2 protein chains.
Amino acid sequence: MDFTYINKIFDELNFTDEEITIVKSVFRKVKIKKGDILLKAGDLVNYQYYVVDGCMRTFHVDKEGKEYTIQFGISDWWISDYTAFFSGGKAVLNIEAIQDSTLYRISREDKEYMYSKMPKVDHFFRIKLEKAFTAFQKRILINLSKPAKERYINFIETYPKIEKSIKNYHIASYLGITTESLSRIRKELS
Amino acid sequence: MDFTYINKIFDELNFTDEEITIVKSVFRKVKIKKGDILLKAGDLVNYQYYVVDGCMRTFHVDKEGKEYTIQFGISDWWISDYTAFFSGGKAVLNIEAIQDSTLYRISREDKEYMYSKMPKVDHFFRIKLEKAFTAFQKRILINLSKPAKERYINFIETYPKIEKSIKNYHIASYLGITTESLSRIRKELS
DNA sequence: GTTAAATATTGATGTATGGTAAGAAATCGA
DNA sequence: TCGATTTCTTACCATACATCAATATTTAAC
């Protein structure tokens, strides 16, 4: 079995042989096909997922059936319904594969176990969270302050890799506009 | 000097006497008057602040001079320009006191020192970040999915304490609408 | 390659919220 | 307490984006 991904997940951490054994034991490979659902709203959320390759999408569906994309996940990103994963509650979000994808999952219990055995893992995830928090703050600010056209330009500049592999209506639902409005913006820009 | 605040800041952590000495040495009290600026965009951000009492506001000012409120900070909240504080870069945000306030500040260097000496502090701030991350995600979702009236209702339900001590135009700038629009919404609701 | 399905575009019209300007109400300072 | 300043409200019109409906284009299935 291939464990080279461990180095990629925890890139800058130096584990002892004993620690490597622990880390290997808690991750499990998950393969998922394009269009398949990894997590449904209402499910208990017991796992966090590391994306090796492919592309995932986290989204909310409101009462009228409209979708709002919270996050895309490509290679080297982590995905989950974090609100539910952190608290042990039920998912409000859905996660689907928008490309065939390979993930590694870890359970909340195993993550707690890693924290208790290896303080450096606490440190590692704290820094990951600082970056994720920063990214969310930037998104809140741009959503408050910029019109849709600028948000779209910012999106394709910030996520050039993602932009190529996803549908326009997914980008629209990330930006908070309709697919028709996005189409008009794209026309203006071309 | 009064160090009871230490227990409040790190409520569930049990420090040894030696650790308490370290913690006490890295925090410094800051008093600030209503209307005063704690941090200006462009400044280097060397501190993170714990609010003991009063009310602070973190906001961005765009090129046209319009303000966008990212966060309010009342008793027991932490505030800073985190993007800059985490990375060591310059502030994009401003922080002002909207009430006379008492804060305790800690520098990035001292925080790193605490992390290196006490893994439980890493653990503590990781959990704080998980909660802050979750709150931001909820805000992104409501900003994408709900009209201004519902965002306002959600705000006053979520932050009843804050709502009483701040101006309507600050709430408007947090919701991403004009003070005139907020006024119309308030009229509808009354 | 041809057809069906999915996705993207376009046009006409509606709605939420913005901008400007004026006035009313509340708060502050002497 | 009274005038000055700040904050809030109201009215009118403008704009960004939504909605609905139709059509065009791309992708997928056989």
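Naming: A, B, ... by sequence-line order, numbering from 1 per chain. Bear in mind the structure is a predicted one, so any value in this text is a computation, not a measurement.
With hydrogens and angles ignored, the 3.5 Å screen pairs a side-chain donor or acceptor of A:N94 with a backbone N or O of A:F59. A donor-acceptor pair is defined here as one N or O able to donate and one able to accept, closer than 3.5 Å; such a pair exists between the side chain of A:T158 and the backbone of A:N154. At least one donor-acceptor pair under 3.5 Å links the side chain of A:S145 to the backbone N or O of A:L141. Put simply, the side chain of B:S101 gets close to the backbone of B:C55: a donor and an acceptor are under 3.5 Å apart. Checking side-chain atoms of B:H170 against main-chain N and O of B:T69 turns up no donor-acceptor pair under 3.5 Å. In this structure a side-chain-to-backbone donor-acceptor pair under 3.5 Å is missing from A:D43 to A:V45.
Here the closest non-hydrogen pair linking B:A91 and B:K40 is CB-O, 3.7 Å. Of all heavy-atom pairs between A:F124 and A:I9, the closest is CZ-O, 3.2 Å.
Relative to the axis of its first five pairs, the axis of the last five pairs of the helix from C:dG1-D:dC30 to C:dA30-D:dT1 sits at 60°, rounded to 10 degrees.
The salt bridge (charged side-chain N to carboxylate O under 4.0 Å, His left out) pairs that include a residue from residues 71-91 of chain B number zero, where partners must be two or more places apart or lie in different chains. Pairs of residues two or more places apart, or lying in two chains, that qualify as salt bridge (charged side-chain N to carboxylate O under 4.0 Å, His left out) and include a residue from residues 114-130 of chain B are A:D122-B:R126, A:R126-B:D122, B:E19-B:K120, B:R126-B:E130.
Annotation: proximity of residues 55-62 of chain B to DNA chain C (heavy atom, distance under 4.0 Å) is found for no residue.
Mapping heavy-atom proximity under 4.0 Å, the span of DNA chain D touched by chain B runs 5' to 3' from D:dT7 to D:dC12.
Applying the side chain to side chain donor-acceptor pair (under 3.5 Å) test between B:Y47 and each of B:R28, B:R105, B:R108 identifies B:R105 as the sole match.
Taking the ring axis of A:F125 as reference, the NZ or CZ atom of A:K111 stays within 45° of it and closer than 6.0 Å to the ring centre.
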Practice problem: Summarise protein proximity over nucleotides 8-19 of chain C in one line of letters, 5' to 3': B for base, S for sugar-phosphate only, - for none, counting protein heavy atoms closer than 4.0 Å. | Solution: SBBBB----SBB

